[in-house]
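Residue numbers start from 1 in every chain, and the chains themselves are labelled A, B, ... in the order their sequence lines are given, proteins ahead of strands. Model, not experiment: these values are computed from the prediction.
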There are 2 protein chains.
Amino acid sequence: MMNNTPVTLKFLAEKLKMSVSTVSKALNNYPTINEYTKQRVQEMARDLHFTPNKSAINLKEKKSHIIGIILPNLLDHFFTRSIYGVEQFATQNGYNVIISQSHDDLEKEIQSANMLLRSRVDGLIVAISKHTQDFAHLDQFENMGIPVVYYTRNPSFNLSCHKVLGNTFQGCYQATKFLIDRRHKKIAYLGGPKMINFTHDRFNGYINALKDNQIPFSSELVAYTDFDKENTISAIKNLFANPENMPTALVAFKEPILFDAIKYLRSINHPNFDKIECIGFGNTSFISYLDSPPIASIEENPESVGENAIKLLIQLINKEIDIQHYQKIMVDCKLIVHG
Amino acid sequence: MMNNTPVTLKFLAEKLKMSVSTVSKALNNYPTINEYTKQRVQEMARDLHFTPNKSAINLKEKKSHIIGIILPNLLDHFFTRSIYGVEQFATQNGYNVIISQSHDDLEKEIQSANMLLRSRVDGLIVAISKHTQDFAHLDQFENMGIPVVYYTRNPSFNLSCHKVLGNTFQGCYQATKFLIDRRHKKIAYLGGPKMINFTHDRFNGYINALKDNQIPFSSELVAYTDFDKENTISAIKNLFANPENMPTALVAFKEPILFDAIKYLRSINHPNFDKIECIGFGNTSFISYLDSPPIASIEENPESVGENAIKLLIQLINKEIDIQHYQKIMVDCKLIVHG
DNA sequence: TTGTATGCGTTATCAG
DNA sequence: CTGATAACGCATACAA
């Protein structure tokens with residue numbers, strides 16, 4: 001079965017005693033080629049398992065039909081779900097996707113970027129690492145005319161780039177409002193790392209919901225964690241420190257830290273543990289296995305974020321949108337009430 | 001900043017008034033090139049942000065430096081963790097990785113395979129879909145001399161392929177032995193879909209552990225599920241149906257179904273619920289949030305499975321192992337006791 | 001030490 | 001309708 005001369009157009013042409021160009025045209029269904037010739041060529045191609053060499057085509061067409069994605073981590077379901085949205089639409093439009101993880105390491109992110117640049121991807125979708133401050137490795141793409149769409153994690157201060165983001169303000173507003181409607185007066189907010197702009201967007205959603213509903217704000221009910229478990233626990237301790245100002249509800253930046261919080265509160269036998277109602281960003285399927293599950297989840301619709309990113313990117317590739325005409329797209333969250 | 005003439009070797013050569021080949025050699029540090037010339041070329045290349053075009057190199061070298069991976073699903077942490085093992089070693093050896101999900105759909109798997117074939121990957125690592133019975137789309141690779149390593153999910157009946165597998169027999173044996181050592185006499189086994197060969201390997205581990213320790217086997221203590229929640233619950237019902245033969249411990253094919261089982265047993269207020277000790281394959285970090293967690297987990301070491309797969313693949317690519325000399329590598333599991 | 005020529009596999013232009 | 005030829009960007013054998 002093993003064939004060592006590669007099956008190329010030339011090889012087919014020799015077999016068929018025709019020219020390479022005729023074979024090429026026949027396979028690409030050129031109208032000028034005789035039907036019978038087409039049939040002969042296509043049959044031979046099938047029999048010999050001819051597979052066009054993408055590198056040759058890329059070189060010729062100056063187009064790779066590849067979209068690059070750089071993201072921090074495939075263990076985070078937000079990202080894997082977002083890939084699903086990207087893939088769907090990319091495939092429909094004849095693009096393949098190369099995924100590269102930065103593991104939240106800048107050096108690795110730079111390497112990934114360079115690799116994708118050498119591969120001459122037609123466009124790039126990127127969620128930057130925690131430590132990305134300098135963007136030279138990503139700016140290269142735009143300098144070569146390759147569009148870049150930042151999604152989720154993006155350079156918040158920079159307006160000169162295309163962005164697709166979850167509307168995390170709206171999500172947090174909605175969650176807080178939901179708790180207010182359930183008659184909670186003392187709603188705590190547990191934020192993420194202060195460097196991440198989402199932390200503040202969500203805080204703004206929280207505080208605006210309070211304000212719009214005449215619930216007084218108390219700074220004792222706000223704390224931050226950098227995702228580290230110890231850190232989360234000390235934040236939670238602070239939130240529940242003052243017996244005069246005890247929260248009855250909690251909105252958390254992300255479900256994993258919410259679970260840590262819940263676990264801690266139960267471990268100390270918090271008096272009103274059963275009454276406390278919690279909501280976090282995420283909506284893990286795992287929730288159904290918890291004994292004291294959050295009352296609701298803020299679903300960030302990662303598939304939709306991914307889909308919006310790829311749609312924008314393809315418009316940029318097709319020059320339906322000018323690359324300099326920077327876009328910002330917000331994808332709404334949805335509150336999912338459990339049970 | 002935006003440059004529209006692409007920076008190629010030719011472009012550099014013109015700027016430097018040298019020939020393309022000198023530029024090429026200078027950039028590749030040929031010993032025959034004058035030091036000063038090298039410097040000039042390399043400096044210019046840096047200043048103009050020259051990036052070699054991978055398609056051109058692939059075409060020339062007949063090598064893509066790309067490894068393809070086809071796997072069912074990125075939402076399963078077994079696979080994302082295995083990717084980590086692959087990436088590490090691939091990068092070290094100058095290979096990039098293209099990941100493609102089949103979503104357990106044969107049609108999608110075929111498309112992925114064809115895409116990777118057109119990309120002329122240098123090797124393929126694949127975990128087949130649930131429905132893959134015919135292997136023509138994967139056999140193509142070997143026919144073209146491109147090595148294929150099956151990992152985890154593989155054509156069990158077929159000995160003529162390279163395989164890297166978790167030693168799931170050993171893992172299940174060890175888990176069962178652990179429960180026996182804790183004085184359990186009635187240990188139930190909840191298996192996965194019967195089509196998957198791992199189901200039977202694990203069952204064999206279970207039954208051998210029983211036999212080796214003179215624990216009588218009872219077919220009432222064995223049931224199967226296809227991962228569907230309803231299905232899992234009815235399997236569990238059967239396992240716990242006979243009051244004369246009530247299990248006190250349970251070994252499950254995978255943690256998600258184990259969690260469904262635990263949830264069900266609690267929901268019916270099973271009399272000895274607190275006493276039942278469970279073990280599943282997986283070792284999700286989520287376990288720490290459960291109220292009634294499994295007593296232990298069978299860690300399948302996916303990173304190591306991935307690493308073994310890529311190591312074997314690279315040996316095959318380098319022809320250090322003959323492609324026809326089919327290998328089978330087993331990666332041991334490890335029992336992780338919780339709490 | 002540098003330059004010229006060729007070819008990798010494909011598409012496209014133009015001539016026949 | 002078919003074929004010869006050039007070009008895409010790069011590496012390399014060979015010539016100078």
Side-chain angles (χ1 to χ4, degrees), chain A residues 3-42 44-45 48-66 94 117-122 144-145, chain B residues 3-42 44-45 48-66 94 117-122 144-145:
Chain A
N3 211 333
N4 33 16
T5 45
V7 181
T8 64
L9 290 186
K10 195 179 172 190
F11 184 77
L12 291 180
E14 280 163 11
K15 285 257 173 206
L16 290 158
K17 297 182 195 306
M18 303 197 294
S19 77
V20 178
S21 57
T22 307
V23 174
S24 171
K25 287 171 191 160
L27 288 174
N28 291 308
N29 241 307
Y30 265 55
T32 67
I33 301 291
N34 180 309
E35 270 310 318
Y36 176 62
T37 310
K38 278 188 195 172
Q39 275 183 29
R40 280 183 58 216
V41 173
Q42 289 172 2
M44 178 69 73
L48 267 50
H49 300 105
F50 168 76
T51 312
N53 183 321
K54 219 160 162 294
S55 290
I57 297 176
N58 294 347
L59 189 59
K60 183 86 225 195
E61 297 195 343
K62 297 166 172 301
K63 192 155 168 43
S64 63
H65 298 277
I66 294 177
L117 199 64
R118 279 194 296 275
S119 297
R120 293 291 189 276
V121 293
D122 293 333
M144 290 180 62
Chain B
N3 211 334
N4 33 15
T5 46
V7 181
T8 65
L9 289 187
K10 194 178 171 192
F11 184 76
L12 291 180
E14 281 163 9
K15 285 258 175 207
L16 290 158
K17 298 184 193 309
M18 303 196 295
S19 77
V20 177
S21 63
T22 306
V23 175
S24 170
K25 287 173 191 163
L27 288 174
N28 290 308
N29 243 305
Y30 264 56
T32 67
I33 300 290
N34 182 309
E35 270 309 319
Y36 176 62
T37 312
K38 277 187 194 170
Q39 275 183 29
R40 280 183 60 213
V41 173
Q42 289 172 3
M44 177 71 70
L48 267 50
H49 300 105
F50 169 74
T51 312
N53 184 321
K54 219 159 161 297
S55 290
I57 296 177
N58 294 348
L59 190 57
K60 182 83 229 206
E61 297 196 342
K62 297 168 172 301
K63 189 156 170 46
S64 64
H65 297 276
I66 294 177
L117 199 64
R118 279 193 297 275
S119 296
R120 293 290 190 274
V121 294
D122 293 333
M144 290 182 62

Between [options], which one does the side chain of [X] approach most closely?
X       : options               : value
A:Met18 : D:dG3, D:dC10, C:dT10 : D:dG3
B:Lys10 : D:dC8, C:dT10, D:dC10 : D:dC8
B:Leu59 : D:dC10, C:dC8, C:dT11 : C:dC8

Distance, rounded to the nearest Å, where [X] contributes [atom1] and [N] contributes [atom2]:
X       : N      : atom1 : atom2 : answer
A:Leu48 : C:dG9  : CG    : C1'   : 16 Å
A:Asn34 : D:dG3  : CG    : C1'   : 15 Å
A:Phe50 : C:dT11 : CZ    : P     : 7 Å
B:Asn53 : D:dA11 : CG    : P     : 10 Å
B:Ile57 : C:dG9  : CD1   : C1'   : 16 Å
A:Arg40 : D:dC1  : CZ    : P     : 15 Å
B:Leu9  : C:dG7  : CG    : P     : 20 Å
A:Ile33 : C:dA12 : CD1   : C1'   : 12 Å

Hey, does the side-chain of [X] have a donor or acceptor N/O within less than 3.5 Å of a partner on the base of [N]?
X       : N      : answer
A:Lys60 : C:dT10 : no
B:Thr32 : C:dT1  : no
A:Lys25 : C:dT13 : yes
A:Ser19 : D:dA4  : no

query: Reckon A:Thr37 touches a base, only the sugar-phosphate, or nothing at all at heavy-atom distances under 4.0 Å?
result: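 It contacts sugar-phosphate atoms only.
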query: Less than 4.5 Å apart, any side-chain heavy atom of B:His65 and any of B:Val121?
result: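 No, side chains not in contact.
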Using a cut-off of less than 4.0 Å, is there contact between a side-chain N or O of [X] and OP1 or OP2 of [N]?
X       : N      : value
B:Lys62 : C:dG9  : yes
B:Thr8  : D:dC8  : no
A:Asn58 : C:dT10 : no
B:Thr22 : C:dG3  : yes
B:Tyr36 : C:dT1  : no
B:Asn28 : D:dA11 : yes
B:Ser21 : C:dT2  : no

- prompt: Is a side-chain N or O of B:Ser64 found less than 3.5 angstrom from the main chain of B:Arg120, in a donor-acceptor match?
  reply: yes
query: Can you check whether B:Tyr30's main-chain N or O pairs, donor with acceptor, with B:Lys38's side chain at less than 3.5 Å?
result: yes
task: Any chance you could measure B:Asn34, atom CG, to B:Arg40, atom CZ, to the nearest 0.5 Å?
output: 10.0 Å
message: Hydrogens and angles aside, do B:Thr22 and B:Ser19 bring a side-chain donor and acceptor to less than 3.5 Å of each other?
response: yes
message: Need to verify one output field. Residue with the more 5' nearest nucleotide on DNA chain C, B:Val20 or B:Arg120?
response: B:Val20
Exceeds 12 heavy-atom contacts within 6.0 angstrom, atom NZ of A:Lys63: yes
